[in-house]
Amino acid sequence: MNRGRVGVIVAPANPSAEPELTRLLGSRADMHVTRFPVRHGLSLAGRLESYNAALPSMVWAFDGLPLSAMVMACSEPRYLIGPEEDRHQCAELSANSGVPFASATLATREAMQHVGAGEIVLVSPYQPWLTELAERFWKTSGLNVTQVVQVRAKNGYSPYAITPAELISQVELAEPPDDAVLLLTGTGMATLPALGPLSAGNERLLLTSNLCTAWWALSRAVGRHVTLGRVPHRPRMATAGRAQVGGTA
């Protein structure tokens, strides 16, 4: 079996992107990771701006390693810019590097188009000001955001700290419709353990930043159509000529 190679750029302290992407990519692609530079002393907004500024140079961090795709597994910085600027920058980086490139937000937009989603319930672990920017981003992208579910960890707003149990309980408390498309934004938030409980006994479609990023990268790595399907306990092999990545489509 030919394995693709996916280059992944993550924030320095992100604890969830690599474990979740590893599981979602499964046996179909190897993952190679680099991290944004650490910026001590900056506010959250300052750090996010620094990630956007560093991105053009980060695509060269793999130094000639042959890659099938490259992704920025970090959603928050892209909410500081508009969706069209995000798309334009990704296209420019793809052209400059010669490797298909997408941010987590661009990958999510393409996944939304893939499943035909026109409206979403946005689930955000971010601070309120950043959640507002995320909501504006998705509305500007052409999606109808019907509900915003703000979730938080025990000690405050932190995508890295919120547990799957906290995520599940707070989403259920918000009572999203049983047939809603839920977008769980944030590559640093552990989301895979929550997908089963949040989709049990209903017709919800659950999409996450990591799920959409893996779907986008895997479709380039295998060179053929990838179907969003339920997250397996073990990575599923391609069947009938199609690869599959976890989800709840």
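Starting from 1, each residue takes its place in the sequence as its number.
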Side chain to side chain contact (heavy atoms under 4.5 Å, CB included) between Ile162 and Val151, worked out: CA-CA 8 Å; Ile162 190 167; Val151 296; 3.7 Å; yes
Any side-chain heavy-atom pair of Val123 and Thr185 under 4.5 Å: no
Test item: Ser16 side-chain N/O and Gly188 main-chain N/O as donor-acceptor pair under 3.5 Å: yes
Cationic tip of Arg136 above Trp138 ring, under 6.0 Å, 45° of axis: no
Within-4.5 Å side-chain heavy-atom neighbours: Met70 and Ser97: yes
Distance-minimising heavy-atom pair for Pro12 and Phe36: CG-O, 3.2 Å
Closest contact, heavy atoms only, Val149 versus Gln170: CG1-O, 4.1 Å
Sole candidate of Asn52, Asp86, Thr108 that passes side-chain hydrogen bond (donor to acceptor under 3.5 Å, both in side chains) when paired with Ser103: Asp86
Shortest non-hydrogen contact between Gln150 and Pro128, atoms and distance: OE1-CA, 3.8 Å
From Leu143 atom CG to Lys139 atom NZ, the distance as rounded to the nearest 0.5 Å: 11.0 Å
Within-4.5 Å side-chain heavy-atom neighbours: Cys212 and Glu110: no
Any side-chain heavy-atom pair of Pro176 and Arg204 under 4.5 Å: yes
Hphob cluster co-occupancy, Val10 + Leu65, side-chain heavy atoms under 4.5 angstrom: yes
Polar contact flag, side-chain donor to acceptor under 3.5 angstrom, Tyr157-Thr131: no
Considering all heavy atoms, the nearest Arg87-Gln113 contact: NH2-NE2, 4.2 Å
Side-chain heavy-atom pair His114, Leu207 within 4.5 angstrom cut-off: no
Between Asn14 and Arg35, a side-chain donor and acceptor under 3.5 Å: no
ILVMFWY network linking Leu93 to Ile81, side-chain heavy atoms under 4.5 angstrom: no
Glu166 side-chain N/O to Lys154 backbone N/O, donor-acceptor pair under 3.5 Å: yes
Pro193 versus Ile168, closest heavy-atom pair with distance: O-CD1, 4.3 Å
Met58 vs Pro37 side-chain heavy atoms within contact, under 4.5 Å: yes
Same apolar cluster: Leu106 and Tyr79, side chain cutoff 4.5 Å: no
Separation of Leu184 CG from Leu167 CG (nearest 0.5 Å): 5.5 Å
Asn210-Thr187 side chain donor-acceptor pair, cut-off 3.5 Å: no
Trace of the side chain to side chain contact (heavy atoms under 4.5 Å, CB included) decision for Ile9 with Leu55: CA-CA 9 Å; Ile9 305 170; Leu55 182 59; 4.0 Å; yes
Any donor-acceptor pair under 3.5 Å from Glu20 side chain to Leu192 backbone: yes
Pairwise distance CG(Leu44) to OH(Tyr126) - rounded to 0.5 angstrom: 10.0 Å
Minimum side-chain heavy-atom gap Val148-Glu132 below 4.5 Å: no
Sidechain-backbone polar pair: Ser209 side chain, Gly186 backbone, donor-acceptor under 3.5 Å: yes
NE2/His32: more than 12 non-hydrogen atoms of other groups inside 6.0 Å: yes
Linked, directly or transitively: Trp60 and Val99 (ILVMFWY side chains, under 4.5 Å): yes
Reported CG-to-OG distance for the pair Leu182 and Ser199, which is rounded to 0.5 angstrom: 10.0 Å
Rounded distance [0.5 Å steps], CD in Glu92 versus CD in Glu85: 10.5 Å
Considering all heavy atoms, the nearest Ser75-Thr105 contact: O-CG2, 4.1 Å
Joint cluster assignment, Trp129 & Tyr160, ILVMFWY side-chain distance < 4.5 Å: no
Heavy-atom check, side chain of Asp30 versus side chain of Val6, under 4.5 Å: no
Spatial distance of atom CZ (Arg220) from atom CH2 (Trp215) [nearest 0.5 Å]: 6.0 Å
Full working for side chain to side chain contact (heavy atoms under 4.5 Å, CB included) between Met72 and Phe101: CA-CA 8 Å; Met72 176 186 180; Phe101 178 91; 3.8 Å; yes
Glu84 and Arg109 ion-paired at < 4.0 Å: yes
